[in-house]
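The structure appears right after this line, and notes come after that.
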Amino acid sequence: MNLLSDPVGVSHYLIVGAILFTTGIVCMVVKRNALGVLMGIELVLNGANVNFVAFGSPVLRGEQASILGLDGQLMALFVILLAAAEAAVALAITLNFYNNHATVDVDRADDLKG
Amino acid sequence: MSQVIDDDPRIIEFDVRTDEMLVNMGPQHPSTHGVLRLVLRTDGEIVSEIEPHIGYLHRCAEKIGENISARQFIPYTDRMDYLAGMNMNLGWSLAVEKLMRLQVTEKARHLRVLISEMGRIASHLVGMGAYGLDLGTFSPFLYAFREREKILDLFEEACGARLTYSYITVGGLTADLPPGWLERCEAFLEQFEPIIREYHALLTTNAIFVKRTAGIGVLSPDMAINYGCSGPVLRGSGVDQDMRRDGEPIYTAMYDGYAFEVAVMKDGHYPRDHAYPAVPADAVLGDCWHRFFVRMLEVVQSMDLVRQAIDQYSACKGPLGEPVKVAEKIPAGDVYLETECPKGQMGFYLIGNGSAIPWRVRARSSSFSNLSVLAELCHGCLIADVPAIVGSLDIVMGEIDR
Amino acid sequence: MSSSVAQLLPVLAAAEGGLNWHGFFFLLFALLACCLAVAVVLADNVVRMAFYLVLSLGATAGLFFLAGAEFVGAMQLMIYVGGTLVLLIFGVMLTAQEPFVSIKTPVRDKVLAGLVGGALLAVLIQAALSGPAWSGSAAEGGGGVALAAGQPSATPLGMALVGIRVDGDVASGEKSPEDGQVRSGYLLPFEIVSVHLLVVLVGAAYLARSKRRKSSGGQGADLSTGGMR
Amino acid sequence: MAEYLIQTVGLPGWLTWSLLAVLSAVLILNLMAGGALVFIWAERKVSARIQDRLGPTRTGGSFGWLQSLADGIKLLAKEDLMPEGADGMLFRVAPYVSFCASFAAFIGLPFAFDMVGLRLNVGVFYVVAVLGLEVFGVILAGYASASKWSLFGAMREAAQVVSYEVPLGMCIVVPVMLAGTMDLVTIAEKQAGWFTNWYLFHDPFTFVVFWVYVTCAVASVNRAPFDLAEAESELVAGFHTEYSGLRWSFFFMAEYSSMFLVSGLAAVLFLGGWNGPVPIATLLGLSDGTGESTGAIVRLLGLANLLGKATLGVLIMMWIRWTLPRLRIDQVMTTCLKYCTPIAAVMFAGAMTWLWVFPGGVLNLDDGSRRPGEIREGWLEGPGGRSTAVSDAPVDDAPALAEIAEVSK
């Protein structure tokens, strides 16, 4: 696939989305810092967004062949909004956690462990 | 914003568990008026504790005074409060004269009043302009300096120096005024009078200025007295004391025949000797705004005194009188005298042992006492209030460290 | 400059001659987004992580612009600026007991996560390339490309919210019947999301509410030495 | 120009577009750098005149007009210091982040009809969103400097800018609502004619909104009395305390560019953009009032118009800076949350009501302008009066959509 001469298609976007998604998952798994986990979630949501936009894009597929149409963009908007809401709650939880444990290391959140 | 609860400033309502931070403000900091160093214990923007560190401008002035004659010490007093050198000269000269039981001529007396009140205007102009600078407005600073320059020009004509005058000296003054000086001085006052309204517009009544100063750093009269505050800081808290009226006879005698009202709030209002803006509703007696406002009132008061002094001085015939010799012996005995300097009560203490050189010289600096309330005033204030409070105390490091 | 500068985008998209600018910019933004996302994983310092994240999200916004979703792209910039900005500040606030502190991850965990992630990625990419319809290009797809820039992207979105579709109901294969234009649209979900946001804000404020606590008095630092011992 | 190059000169299309893109970028960069030079010089002169001084008088002749250039050369020669313990990468990158955000925002700002780097149909949104990125550079700088004063400045900036984006956004929505589009070119186009067509004078609400916008704009670009992030009497120099040399000057270029940008945005949104108060070109018959028909000369006139308005805005910011004291951080937040936001919200609702009661506007002397509702109708019905644009099969959607795009302008 020669990207510089071939037209860009949906699958190109899907690959980018997949990479963002995977890095997000890895980030969530690997990071011990609660904020790092949050950033992983943002990356995952972002990867999903790329897919939504790609499927709904008239540029990539043509008006006719576009699978989602405007729905794709609308979904992306909703995802962005909900990501903001999610971040707010998660940050509040992190803050509370920090207030109680004086750290943001998620491995220390084992109060409920039997 | 968090607020201080009860009396213990260390209990602060936290939104987040935060750690305290120690911040060094100064000695190289734009708003510490020279080389003051403040160590702030802050929680975010809120200052919970503050401690001034001084001594960066210590020059052993007092010890030097014990090795030179009383008149030779005059230039060193210039360098104490270097913004009001004339008043420093006067304080030391009067103290020595008190020990020597010296009486200056009537003409010299009036000239001293004239010059020292001009010095007070110059000093308050700097205080006012620099205060604006502390609050983030640059222009009033230069407007103040523009007028101060004119006063310095007049001083330069009179004594040849612009900052370290050594003009008032033991036994009188080093020289009489040059011809035409009084007219130029009057012309200056004439054109300066309307400019004060500009200062009021730019600072005193400016909404943001009032917001930044009213109710900030409230110094109660009791606290002010307990800490030995003096000058505009004391009067800003509503304590009616002015050395020019309440001081020792040798000093108050200088102001015999002068009419002036001490700029202090009594019965809920300031002396109604001229038109000035009303006190804003949210200003509390003893806050930064009142300290600043007292200075502004004193500028007008000093202008009035200068006018009176010009009249009295021109009415005086006869010679100005000669100052004492440089190596004049001073009698044995000790003497302490406080004068009303622009920053507050500046006291000089000296012990003579019969030789020309004082055996002991000490200075009591008003800025030093005024600075000592800083820790009390800054409990629980914001970082931005620290320059506002320090500026309203109008300290000069040269006087504190000596 | 002429008025046709405005039509830069479609021309970039439909390449003439040798160089495909659309492809070039896609490659640029895609590489940026992916590399910076990987950098987020690899970085240990929270502030640096946030910085990489912002750049990655910005590059993704660039991808959205390229895909003709300008409104979404701008939205992404705007909201993530606010969102990650707050993240960044929290990163500074919550980890600044000593400067540049980092919570390290054991290498073992990293390797394991890398293996799992690699497997996941392989599956996903396989899936992405498997749909033959998806690899079709714009040029083949029809005149869509030429439309991209001249056509307002925000207005159709807003109208879709209230149920008026300019693009037809592509998903169901219908081509917008004459009568059934106005459907429910996304107005209700939109309202639900806005109420949800409000609830979330109130909830977050409650979770992070203020507590009274006596200050520990610092780490015993002494003001008289200015903390410099 | 593109057509000319392609058709007359015979350049290949891709090369033409690349050249034009580079040209736009260079022009914007020059505008930023040159603008910063001019504005820094102007700031010196304005402040000097306000303060009874002369300012620079010698460098470059009579008015010291080369002063900023000389300063620039001095800054180039200065050592770039980095404090020990700083986060080197972020410290180096931060000024460029600020600068790039400012630069990227300029891409969407039109200077005259279609004299715009990239005409986006979400132009306003794009510009505001990208401008908001500038704060990143500041926060990174504050954090990476490893200085407490810098950190204070960064934290203040973060709180301030994020808060002020809310009322700023609300103010911007009002002209967008009046114009029915987020395309900056179209918004300005709709204010053509006499100055009564400007959105500033559209109704009393927009008039108030304009002043709220000015307040928020000053706050969002960190100018006095909202310059808390660099408050020199409190925080030494705030976020750029530890910076020196060229990196420091990049912060300044970003600051002055942002000032120019928000002023330009104000001009486009409220003050008629490149349309002068009096439609001289139309009166002289050089143009029929629409942007498309104007010739190069008239466009240059429009360019001068917009630059003049934006410069005036910058000068007013300078005037404010050299007059007022600085607010305290809690007062800044109060101003935003208790005054600007509610006022903007109420004015937004008011403008909406006004638009509903007086659809054509009251002072609107020019009947050529459309009320926003028509645009939506245009979407539904299309220019031909048929209710088609939507119902036409997407296969031949292209012309229909193009028509729609035309109508919505």
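Proteins get letters first, then strands, A, B, ... in listed order; numbering begins at 1 in each. In this text the structure is predicted, and so the values were computed from the model without any measurement.
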Practice problem: Considering non-hydrogen atoms only, spot the tightest contact between Ala74(C) and Ala129(D) and give its length. | Solution: O-CB, 3.7 Å
Practice problem: Report the residues that fulfil side-chain hydrogen bond (donor to acceptor under 3.5 Å, both in side chains) with Glu157(D), sequence neighbours left out, ordered by chain and then residue number. | Solution: Asn222(D)
Quiz item: Where does Val127(D) contact chain C at under 4.5 Å (heavy atoms): side chain, backbone, both or neither?
Solution: neither
Quiz item: What closest approach, in Å, do Tyr52(C) and Met89(D) show between heavy atoms, and which atom pair accounts for it?
Solution: OH-CE, 3.0 Å
Side chains of residues 95-104 of chain D: which donor-acceptor pairs under 3.5 Å do they make with residues two or more places apart or in other chains?
unit_1	atom_1	unit_2	atom_2	d
Ser98(D)	OG	Glu134(D)	O	3.2
Ser102(D)	OG	Ser258(D)	OG	3.4

Exercise. On the 0 to 90° scale, with breaks at 30° and 60°, tag the Phe125(D)-Phe71(C) ring pair as parallel, tilted or perpendicular.
Key: tilted
